[in-house]
Amino acid sequence: MNAQVTLWSDYVSPYAFVAKAGAYALEADYEIGLHWRPYTLDIASYMGSVEARDPHHWRRVRYSYMDARRLANKQGLTLRGPKKIYTARPANAGMLYAQRHGVFRAYNDLVFDRFWRRELDPESVEAVAALMAEIGAPEGFASFLAGEGGTEHDRLRGEAEASGVFGVPTFVFDGELFWGGDRIGLLRERLDEKGVRRRAFQSS
């Protein structure tokens, strides 16, 4: 059985966006099961609400986006700062629906890309449902979110916090947390130390 790695992510996190390629590469390089899970951020709790932000908070916010934009530019990605603080429960629960219907990679790529181009409202159930239809998922996302999907999303958020998760992206392997895309290198070292096999590639 392959080693298991859980990745907690949120579509409105710039750092989760720029870590996506590294996560895909990790799964391609190692014989692991990489399980993407939603962790909807309470951004105001650590960055402050817009109304309550003091100059210190605004310096942190500006630096965070500047830093993430540098990483995005290196990957040829567009990262435009959002116009408001979003709570992306619909889009994040959509991750679970997309996984259930076998369209996760397409969903993951489109939601990240469109949100950071300011072309998707992650709080809009209708917008998420339309994207699902675009990538071939069956109808029913709104009912899923209102029922078992929303319940599962909330349960997973509690599970994440119980395991020590406080931000995204966070990778969890063998009970150990690695927060941030810049920790993927450390995770790779740990996988090697634990004897997790690399995938064999045949040259053409």
Side-chain angles (χ1 to χ4, degrees), residues 5-41 43 47 58-88 90-99 102-124 127-128 130-137 167-173 178-189 191-192 198-199 201-204:
V5 176
T6 300
L7 168 53
W8 298 96
S9 185
D10 186 335
Y11 290 112
V12 303
S13 163
Y15 288 109
F17 178 40
V18 298
K20 177 170 66 75
Y24 287 166
L26 185 76
E27 186 176 28
D29 291 345
Y30 286 88
E31 293 185 357
I32 61 171
L34 180 62
H35 306 284
W36 290 72
R37 296 290 182 264
Y39 180 72
T40 298
L41 295 168
I43 295 174
M47 282 295 200
W58 279 115
R59 289 194 297 272
R60 288 174 59 193
V61 170
R62 284 193 293 270
Y63 177 82
S64 294
Y65 282 106
M66 178 186 72
D67 195 35
R69 191 171 291 111
R70 288 186 295 210
L71 296 171
N73 289 342
K74 290 180 68 173
Q75 298 180 45
L77 301 173
T78 298
L79 192 160
R80 302 176 66 193
K83 295 181 177 180
K84 55 171 278 188
I85 294 176
Y86 289 94
T87 302
N92 288 330
M95 180 190 296
L96 304 175
Y97 193 77
Q99 288 168 348
V103 293
F104 166 70
R105 183 68 72 94
Y107 179 81
N108 204 43
D109 290 344
L110 279 176
V111 175
F112 269 127
D113 181 68
R114 291 184 182 175
F115 174 73
W116 290 103
R117 291 177 183 272
R118 297 181 183 167
E119 296 172 359
L120 177 73
D121 180 352
E123 296 179 342
S124 168
V128 174
L131 192 150
M132 290 291 184
E134 181 181 340
I135 60 176
V168 298
T170 294
F171 298 81
V172 183
F173 169 62
F178 299 83
W179 175 48
D182 56 346
R183 301 300 190 274
I184 294 177
L186 292 176
L187 174 54
R188 285 175 171 268
E189 291 178 6
L191 292 171
D192 290 335
R198 292 182 181 249
R199 299 188 191 276
F201 295 97
Q202 296 181 349
S203 59
S204 56

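Side chains are part of it too, since the values below use all heavy atoms of this structure and drop only hydrogens, waters and symmetry mates. Everything numeric here is computed off the predicted structure, so don't read it as measured data. Sequence positions, counted from 1, serve as the residue numbers for this chain.
To the nearest 0.5 Å, the span separating OG1 on Thr6 from NE2 on His35 amounts to 6.0 Å. For the atom pair CG of Leu71 and CZ of Arg69, the computed distance is 11.5 Å after rounding to the nearest 0.5 Å. In this structure, Leu7 CG and Phe173 CZ are separated by 14.5 Å, a value rounded to the nearest 0.5 Å. Distance check, rounded to the nearest 0.5 Å: CZ of Arg183 to CG of Leu186 gives 6.5 Å. Atoms CG and CG, on Leu77 and Asp113 in that order, are 7.5 Å from each other to the nearest 0.5 Å. Atoms OH and CG, on Tyr86 and Leu120 in that order, are 9.0 Å from each other to the nearest 0.5 Å.
With sequence neighbours left out, Lys74 forms a salt bridge (charged side-chain N to carboxylate O under 4.0 Å, His left out) with no residue at all. Taking Asp182 as the reference, nothing meets the side chain to side chain donor-acceptor pair (under 3.5 Å) condition, with sequence neighbours excluded. Listed by chain and number, the residues in a side chain to side chain donor-acceptor pair (under 3.5 Å) with Thr40 are Asn92, His153 (sequence neighbours excluded).
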Evaluation steps, side-chain contact (heavy atoms from CB on, under 4.5 Å), between Phe112 and Ser9
CA-CA 11 Å; Phe112 269 127; Ser9 185; 3.6 Å; yes
Report the C-alpha separation of Arg118 and Lys83 in whole Å, then their side-chain angles, then the decisive distance to 0.1 Å, and conclude whether the side-chain contact (heavy atoms from CB on, under 4.5 Å) test is met.
CA-CA 8 Å; Arg118 297 181 183 167; Lys83 295 181 177 180; 3.7 Å; yes
Would Arg188 and Asp192 satisfy salt bridge (charged side-chain N to carboxylate O under 4.0 Å, His left out), going step by step from the backbone distance to the final call?
CA-CA 6 Å; Arg188 285 175 171 268; Asp192 290 335; over 6 Å; no
Test log, rule side-chain contact (heavy atoms from CB on, under 4.5 Å), inputs Val5 and Val172
CA-CA 6 Å; Val5 176; Val172 183; over 6 Å; no
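Looking at Pro122 and Val111, their side chains never come closer than 4.5 Å, going by heavy atoms from C-beta outward. Between Asp10 and Tyr39 the shortest side-chain heavy-atom distance does not fall below 4.5 Å. For the pair Leu34 and Tyr24, the minimum side-chain heavy-atom distance is 4.5 Å or more. Two residues are said to be in side-chain contact when any heavy atoms from C-beta on lie closer than 4.5 Å; Thr170 and Phe178 fail this criterion. Contact check for Pro38 versus Leu96: side-chain heavy atoms found under the 4.5 Å cut-off. With contacts defined as side-chain heavy-atom distances shorter than 4.5 Å, the pair Trp36/Lys20 qualifies. Using a 4.5 Å cut-off on side-chain heavy atoms (C-beta onward), Val18 and Gln75 make contact. Side-chain contact check for Asp109 versus Phe104: every heavy-atom pair is 4.5 Å or farther apart.
The cationic group of Arg114 does not satisfy the cation-pi geometry with Tyr11, failing either the under 6.0 Å distance to the six-membered ring centre or the 45° limit from the ring axis.
Shortest non-hydrogen contact noted between Pro169 and Trp179 is O-CD1, 3.4 Å. The two atoms that bring Ser13 and Leu41 nearest to each other are CB-CD1, 3.9 Å, heavy atoms only.
Note: Phe115 and Phe17 fail the aromatic proximity criterion, with ring centroids not under 6.0 Å apart.
Of the charged side-chain nitrogens involved, at least one lies within less than 4.0 Å of a carboxylate oxygen, so that Lys84 and Glu123 count as a salt-bridged pair. Ion pair Arg80/Glu119 not flagged as a salt bridge, since none of the NZ, NE, NH1 or NH2 atoms sits closer than 4.0 Å to an Asp/Glu carboxylate oxygen.
Between the side chain of Arg199 and the main chain of Tyr30, a donor-acceptor pair closer than 3.5 Å is present.
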